[in-house]
Asks: 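Here it is, the structure in full.
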2 protein chains.
Amino acid sequence: MRHSHQRNTILEAVRAKPVHPTAYQVFESVKEQIPNISLATVYRDLGQLADNGIINTIKKGNVVRYDGNTMIHQHFYCEECGSLFDQELFDEKFVFQLKTKIVHEIENFDLMLTGTCIKCKNNGDKLKC
Amino acid sequence: MRHSHQRNTILEAVRAKPVHPTAYQVFESVKEQIPNISLATVYRDLGQLADNGIINTIKKGNVVRYDGNTMIHQHFYCEECGSLFDQELFDEKFVFQLKTKIVHEIENFDLMLTGTCIKCKNNGDKLKC
DNA sequence: TAATAAATAGGAATCATTCCTGTTTATAAA
DNA sequence: TTTATAAACAGGAATGATTCCTATTTATTA
Ligand SMILES: [Mn+2]
Ligand SMILES: [Mn+2]
Ligand SMILES: [Zn+2]
Ligand SMILES: [Zn+2]
């Protein structure tokens, strides 16, 4: 990968966002610094960054979300409000040991929990009263 | 849900397929029995079946795949050949206990392993010689 | 300074999925 | 059995996230 101002700015944007932005959200964010950035460039660079393991992709719903945190961690998605939280359930050691139990060569371990987040659950309970 | 010949046939098709068909593959399969079935009907019915927990959805790549096996199990996806295998890593008891450790209300536990399957790995090693 | 290939902007194309509309059908009440 | 009603349907149009294309710009190296 050659040095590129656009790609650097895109990477910074993903890392700066607290929670898992979409390509379009990165595009909007980067536009503030590079007004004529192309959406195609954002997709291309995000793809390259993901291919090189510099960022991660998260698939849930109909849009891909990106994660600047490449430490091993998991995610919880609330079906009610669409929030996507980090979860620390399995650490690197656990995942490493798990890989040895499988005949295939594992590169990624992606766990997605779904359900109702604590906030939405409380709101729901209130409405039932 | 009202009784429906189309939906029954769609469910049978998903259950009959050994491995995780896409909506279009279900469509093609069901067309043999109901030649004028609509693709929109397949999508609608698959959605209803999934909403009611009768089948599961698996997201990997740019197409949704469906799973007639609703027992708790996990999946491995080969990046080389696109195969999607079942994996039995965590059983119902494990998942149940895990749910109690999380503040949110968990409905689904979806684990997707990715990498290179044993067959592709062997082929790759051969080529290197 | 020149050559070269990677990277880019902008827009078109793709394609899985959803939406829409007029028609058919399952179900239950009259 | 007939009728009323809403669910389900077929067929086709629309949507929208993502990818592809092409002429131009730019980073890198010799
Ligand atoms: Mn994360
Ligand atoms: Mn399965
Ligand atoms: Zn929520
Ligand atoms: Zn393979």
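Letters go in sequence order (proteins before strands), and every chain restarts at 1. Values reported hereafter were calculated over all heavy atoms of this structure, with side chains retained and with hydrogens, waters and symmetry mates removed. These figures come from a predicted structure and were not determined experimentally.
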Asks: Between P on C:dT8 and CD1 on A:I34, what's the gap in Å once rounded to a whole number?
Replies: 9 Å
Asks: A:N62 has an atom CG; how far is it from atom P of D:dT19, in whole Å?
Replies: 14 Å
Asks: Between atom NZ in A:K59 and atom P in C:dA16, what is the gap in whole Å?
Replies: 13 Å
Asks: Distance check: side-chain N/O of B:T41 vs OP1/OP2 of D:dA10, anything under 4.0 Å?
Replies: yes
Asks: Taking only the side-chain heavy atoms of A:V64 (C-beta and beyond), determine which of D:dA10, D:dT18, C:dA9 contains the nearest atom.
Replies: D:dT18
Asks: Using side-chain heavy atoms (C-beta onward) and a distance below 4.5 Å, is B:R65 in contact with B:K60?
Replies: no
Asks: In whole angstrom, give the distance that lies between atom CZ of B:F27 and atom P of C:dT18.
Replies: 16 Å
Asks: Can you measure A:E28 atom CD to D:dA17 atom C1' for me and round it to whole angstrom units?
Replies: 14 Å
Asks: Do B:N8 and B:H3 have side-chain N/O donor and acceptor atoms under 3.5 Å apart?
Replies: yes
Asks: Choosing from D:dG11, C:dT8, D:dA8, which nucleotide comes nearest the side chain of B:Q48?
Replies: D:dA8
Asks: Toward the 5' end of DNA chain D, which comes first, B:M1 or B:L39, by nearest nucleotide?
Replies: B:M1
Asks: Between B:D67 and B:H73, is any side-chain donor less than 3.5 angstrom from a side-chain acceptor?
Replies: yes
Asks: When you get a sec, tell me which of C:dA9, D:dG12, D:dA6 is the closest nucleotide to the side chain of B:R2?
Replies: D:dA6
Asks: Please tell me which of B:S4 and B:Y24 maps to the more 5' nucleotide of DNA chain C, matching each residue to the nucleotide holding its nearest heavy atom.
Replies: B:Y24
Asks: How long is the line joining OH of A:Y43 and P of C:dC15, in whole Å?
Replies: 16 Å
Asks: Nearest to the side chain of A:Q6, which nucleotide is it out of C:dA9, C:dA7, D:dA8?
Replies: C:dA9
Asks: Using whole Å, report how far CD1 of B:I10 lies from P of D:dA8.
Replies: 12 Å
Asks: Where do B:L84 and B:H20 come nearest, in terms of heavy atoms and distance?
Replies: O-ND1, 3.5 Å
Asks: Once you apply a heavy-atom cut-off of 4.0 Å, does B:R7 come out as touching a base, just sugar-phosphate, or nothing?
Replies: sugar-phosphate
Asks: Just say parallel, tilted or perpendicular for the rings of B:F109 and B:F90, cut-offs at 30° and 60°.
Replies: perpendicular
Asks: Would you kindly give the CZ-to-C1' distance between A:R44 and C:dA5, to the nearest whole Å?
Replies: 14 Å
